[in-house]
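To start, the structure under review is shown below, and the notes come after it.
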Number of protein chains: 2
Amino acid sequence: MSARALPYRPHNHDACVSQALAEARSICQQQNARLTPTRERVLELIWQSHKPLGAYDVLAKLTSEGHSAAPPTVYRALDFLQQHGLVHRIASLNAFTGCAHTGEHHTGLFLICRTCGNVLELTDTGVSDAIHKAASAEAFRTEAITLEVAGICPACQAEQNHE
Amino acid sequence: MSARALPYRPHNHDACVSQALAEARSICQQQNARLTPTRERVLELIWQSHKPLGAYDVLAKLTSEGHSAAPPTVYRALDFLQQHGLVHRIASLNAFTGCAHTGEHHTGLFLICRTCGNVLELTDTGVSDAIHKAASAEAFRTEAITLEVAGICPACQAEQNHE
DNA sequence: AAAAAAGTGCAACATTATAACAGTTGCGAG
DNA sequence: CTCGCAACTGTTATAATGTTGCACTTTTTT
Ligand SMILES: [Zn+2]
Ligand SMILES: [Zn+2]
Ligand SMILES: [Zn+2]
Ligand SMILES: [Zn+2]
């Protein structure tokens, strides 16, 4: 089989972060949106790892940096980032994760490891076609899809087998 | 096209409720689980309509009936009902809906109308096969799937066109 | 009947998210 | 330039959702 996806193996995560920030700047410029320091910092914090971060986790990191912040600060930044497709909210975790497919106008499928907490975002036309087809069969007009798969990632499966 | 699914047309909803309760009794008996009065009443309240109900909505109805209840009462009943496959939690709404496919050991796909709030639960092997396939391709071991589709139901689409 | 297990009531608390309003900043029109 | 609007931010308070811990009761098992 081919190489594991990034979250499942050691990698230069700083590259993930700087690429995400670069794309964010580019996208905001295109869309005439202001990626203010707070927003950029929140995005960077979200990208600290491939584990989704709760709004209050972000808040704690901000305040620990001396940033005088309250919940609305964080939620407003997260709303902005979601609106511009830079982060996703994981409904089953009440947490946020950086978008791995910015600009692609995609329907994300999230693989959430319940052991290590890492999340891998996929896009899969087979899946989204099947969903649209099923919805259409009921004459339902689809607008948004929440698709979150919980389970065990390959790295954690290997861990388990070594025990 | 064939007849619309139940939530999308007038129907004898009392039949939905009594069938759901009958199945619940049968399933609990099979599984040696105790469908106590509180649990049964919560299930009945959840089935009051095809719109998901929040835990605190259930709580309000219980207390308005004179039942001395606190949040844990409701959450415990809901946990029990979920455990036995009698209700589902809709993560994107923080709300609960009666299971329309009890006993089938299924992966639900929920079509959620953002206008009327009704939810239709489907099972679709095409969809779940596609999801399992996508997860397997990443060597991910799937345990649970959250799949919620937001949009406009056929009934509400018709409404819009009449305006 | 005694012991164990499952269920319930209750109080307190934890977590997640929003409302309302005042102040500030960036930016274009005149 | 500077006035004025729109977007953004800070702050306080509050709403909505969910959990913990413990004492007590009911049911089941032995
Ligand atoms: Zn990375
Ligand atoms: Zn893992
Ligand atoms: Zn019905
Ligand atoms: Zn509708």
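Quick caveat, the model's predicted, so the values are computed rather than measured. Throughout, protein chains are lettered first and strands after them, A, B, ... in sequence-line order, and every chain is numbered starting at 1.
Where B:P72 and B:A33 meet DNA chain C, the nucleotide closest to each residue was compared, and B:A33 sits on the side nearer the 5' end. Both B:A69 and A:L93 sit near DNA chain C, but only B:A69 has its closest nucleotide nearer the 5' end. For the pair A:T36 and B:R76, nearest-nucleotide mapping onto DNA chain D gives the more 5' position to A:T36.
Between B:D124 and A:A134, the closest heavy-atom pair is OD2-CB, 3.4 Å. Nearest heavy-atom pair across B:C153 and B:C116 is SG-SG, 3.8 Å. Considering all non-hydrogen atoms of both residues, A:C16 and A:H50 come closest at SG-NE2, 3.7 Å.
Remark: C1' of D:dT9 and OH of A:Y75 are 18 Å apart, rounded to the nearest angstrom. Atom-to-atom, OH of A:Y56 to C1' of D:dA16 comes out at 11 Å; the value is rounded to the nearest Å. Atom CZ of B:R39 and atom C1' of D:dT26 are 12 Å apart (whole Å). For the pair B:D57 CG and D:dT17 P, the interatomic distance rounds to 7 Å; values are reported in whole Å. Remark: P of D:dT9 and CZ of A:R41 are 15 Å apart, rounded to the nearest angstrom. Here the P atom of nucleotide D:dA7 and the CG atom of A:N32 are 12 Å apart, to the nearest Å. Here D:dA16 presents its C1' atom at 15 Å from CG of B:L53, a figure rounded to the nearest Å. Between the CD atom of A:Q31 and the C1' atom of D:dA7 there is a distance of 16 Å, given to the nearest Å.
Classification of the A:F80-A:H84 ring pair by plane angle, with boundaries at 30° and 60°, yields tilted. Ring orientation note: the planes of B:Y75 and B:F96 are nearly perpendicular, at an angle over 60° on the 30°/60° scale.
Neither OP1 nor OP2 of D:dA6 sits under 4.0 Å from any side-chain N or O of A:R34.
Heavy-atom contacts of chain A under 4.0 Å fall on DNA chain C between two terminal nucleotides, which in 5' to 3' order are C:dT16 to C:dG26.
The NE2 atom of B:H101 sits 4.5 Å away from the CD atom of B:E121 when rounded to the nearest 0.5 Å. Here the CG atom belonging to A:L43 is positioned 6.0 Å from the CG atom belonging to A:L86, to the nearest 0.5 angstrom.
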